[in-house]
There are 2 protein chains.
Amino acid sequence: MPGTETTRPLSSSIGDYLKAIWTIAGTGSASTKEVSGHLSVAPASVTNMLGRLQEMGLVRYERYRGASLTGRGREEALRLVRRHRLIESFLLGHLGYSWQEVHDEAERLEHAVSDEFTERLAELLGHPAHDPHGDPIPAADGTLEPDDSLPLGEAGVGGRVRISKVSDESTPVLDYLGERGLVPGRLLTVREVRSLDGVVTVEDEGGETHALGEPLARAVFVREEAAG
Amino acid sequence: MPGTETTRPLSSSIGDYLKAIWTIAGTGSASTKEVSGHLSVAPASVTNMLGRLQEMGLVRYERYRGASLTGRGREEALRLVRRHRLIESFLLGHLGYSWQEVHDEAERLEHAVSDEFTERLAELLGHPAHDPHGDPIPAADGTLEPDDSLPLGEAGVGGRVRISKVSDESTPVLDYLGERGLVPGRLLTVREVRSLDGVVTVEDEGGETHALGEPLARAVFVREEAAG
DNA sequence: ACAAAAATTTAGGTCTAGCTAATAATGAGT
DNA sequence: ACTCATTATTAGCTAGACCTAAATTTTTGT
């Protein structure tokens with residue numbers, strides 16, 4: 001059966017590279033330095049690995065020019081993202097993990113888990129479309145819903161917006177927002193966007209007002225609501 | 001803090017060696033060949049690794065004499081066994097895995113999972129004392145209930161016995177027994193043990209009679225019931 | 001008691017994924 | 001257009017965990 005070896009294991013660090021490129025560049029291309037920074041690996045090691053990934057047909061890579069994912073590379077990356085997000089959902093929903101604990105555990109687990117496990121987990125969770133951060137979970141067939149959300153600061157003043165996701169970079173930020181109910185799904189009205197310091201003032205459904213500065217405002221992504 | 005580095009990561013294959021020695025020899029000692037067979041690793045590699053494990057203080061090893069676990073080695077092995085059995089329980093109980101699928105998945109997961117995860121999983125499962133095969137699950141503190149079960153063939157004729165566990169070596173065997181309800185917890189009466197071929201005849205609670213030959217009889221372990 | 005068989009160890013090599021230091025290409029600023 | 005800082009690549013090494021083939025020790029059978 002030629003062409004049937006779709007699911008050979010693929011060492012765990014290979015997946016990390018693919019995910020990194022996908023995260024950094026999406027469909028575009030990622031530089032050695034960016035990947036190096038993302039994975040905390042020396043640039044020289046990245047160069048080396050990108051060469052190998054190209055030989056495997058997972059990335060397109062040109063010396064001094066950075067790398068971008070091939071179809072297969074993207075597929076593989078999305079498969080890992082799917083695993084990661086489903087596992088995070090499980091850890092938060094069923095095992096009582098907190099935001100901060102979840103990421104590392106999921107990072108390790110996503111490399112150990114089989115497709116079988118992933119799909120059964122999806123089943124258990126009721127095939128969620130989004131993870132707890134609000135990020136879309138790629139479908140089992142590798143499809144990913146296009147993400148049309150925008151940073152809170154770029155929303156139109158006076159508009160009604162719904163929080164679509166909260167970026168998972170910083171734990172204190174997540175905690176702060178979580179405590180105030182600023183989580184995916186929440187409906188807000190944008191009251192003011194001050195261009196000097198980027199502070200965004202919003203009003204939530206309960207009439208509470210929140211003023212969000214630099215790191216906070218950038219962590220919140222929203223979608224404009226159909227009816228204002 | 002000297003002596004506080006209890007939980008450093010320990011590469012995954014190290015754990016495999018410790019578990020193998022524990023499984024083969026318990027508290028006694030395992031030969032190079034046994035370990036080699038158990039892990040499907042060349043004998044030379046085993047020799048090499050046993051030397052390293054000794055340096056780490058995890059096994060006692062004498063050239064040409066085999067290896068046995070030290071206290072720390074045993075602790076580590078039992079921790080993995082705990083993980084493995086809890087994960088198996090979860091896969092069977094919550095994700096709908098079947099006997100045959102469960103083992104490999106658990107084997108991979110047990111190396112990726114943290115203590116945190118393990119304990120939260122134990123919580124979710126209601127702190128079970130036994131896994132689905134009937135094997136005791138080591139406690140979080142490293143304690144393991146002594147196992148006083150014996151192979152079905154060694155039970156006294158006429159006695160009432162309860163199936164304590166079913167060894168998880170062979171899938172067809174597990175399936176066969178499972179289909180007939182010969183699972184841990186089942187109460188049986190031993191009708192006959194034929195010494196020529198080792199066939200054991202038992203009667204279950206429903207009055208059904210089962211004649212179990214070599215591989216089957218050896219997979220079933222029982223405990224004698226207090227009141228006959 | 002000893003030779004042959006079985007088990008084990010040693011020696012020497014591979015592959016992966018990382019590292020540092022030295023060298024080369026790219027691109028920004030004047 | 002040229003120089004210099006930045007970014008990448010090459011070269012050469014390390015460590016872990018494995019392998020095969022050759023040498024050695026232990027065990028077994030007579």
Side-chain angles (χ1 to χ4, degrees), chain A residues 5 8-21 23-25 28-69 73 76-77 80 104 107-108 110-112, chain B residues 5 8-21 23-25 28-69 73 76-77 80 104 107-108 110-112:
Chain A
E5 29 99 41
R8 41 120 158 234
L10 235 46
S11 95
S12 97
S13 66
I14 289 180
D16 286 334
Y17 279 87
L18 298 177
K19 257 198 353 177
I21 296 168
T23 306
I24 293 163
S29 90
S31 71
T32 299
K33 201 198 173 197
E34 287 169 317
V35 175
S36 158
H38 208 87
L39 299 178
S40 303
V41 151
S45 309
V46 174
T47 296
N48 206 55
M49 189 58 126
L50 292 181
R52 301 213 292 117
L53 292 178
Q54 170 153 67
E55 307 226 306
M56 297 181 213
L58 296 168
V59 308
R60 241 163 283 111
Y61 168 59
E62 219 180 322
R63 274 152 77 266
Y64 296 102
R65 278 288 98 96
S68 61
L69 297 174
E76 193 53 43
L80 284 175
D104 290 355
E107 199 66 35
R108 262 175 297 113
E110 80 192 27
H111 295 301
Chain B
E5 30 96 45
R8 45 130 156 225
L10 236 46
S11 96
S12 97
S13 66
I14 288 180
D16 286 335
Y17 279 86
L18 298 177
K19 256 197 355 178
I21 296 169
T23 306
I24 293 164
S29 91
S31 72
T32 298
K33 199 193 175 202
E34 287 169 318
V35 175
S36 159
H38 208 87
L39 299 178
S40 304
V41 150
S45 309
V46 174
T47 296
N48 205 55
M49 189 58 126
L50 292 181
R52 300 212 294 116
L53 292 178
Q54 171 153 65
E55 307 227 306
M56 296 182 215
L58 296 168
V59 307
R60 240 163 284 113
Y61 168 58
E62 221 179 321
R63 274 150 80 263
Y64 295 102
R65 251 345 46 118
S68 62
L69 297 174
E76 194 53 43
L80 284 175
D104 290 355
E107 198 67 35
R108 263 176 299 112
E110 79 191 29
H111 294 300

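In what follows, chains carry the letters A, B, and so on, assigned in the order in which the sequence lines appear, proteins first and then strands, with residues in each chain numbered from 1.
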Per A:Met49 side chain, nearest of listed nucleotides D:dC19, C:dG18, C:dT20: C:dG18
Flag, side chain of B:Ser36 to backbone of B:Thr32, donor-acceptor distance under 3.5 Å: no
Non-hydrogen side-chain atoms of A:Tyr17 and A:Val35 separated by less than 4.5 Å: yes
Interatomic spacing from CD in A:Glu62 to OG in A:Ser29 - rounded to 0.5 Å: 9.5 Å
Contact letters for nucleotides 6-11 of chain C, in which S counts primed atoms plus P, OP1 and OP2 and B counts the base, heavy atoms under 4.0 Å: -SSBB-
Between D:dA15 (P) and B:Met56 (CE): distance, integer Å: 14 Å
Short side-chain N/O contact to C:dG18 OP1/OP2 from A:Tyr17, under 4.0 Å: yes
Non-hydrogen side-chain atoms of B:Arg63 and B:Thr47 separated by less than 4.5 Å: no
Flag side-chain contact, heavy atom, 4.5 Å: B:Asp16 against B:Glu107: yes
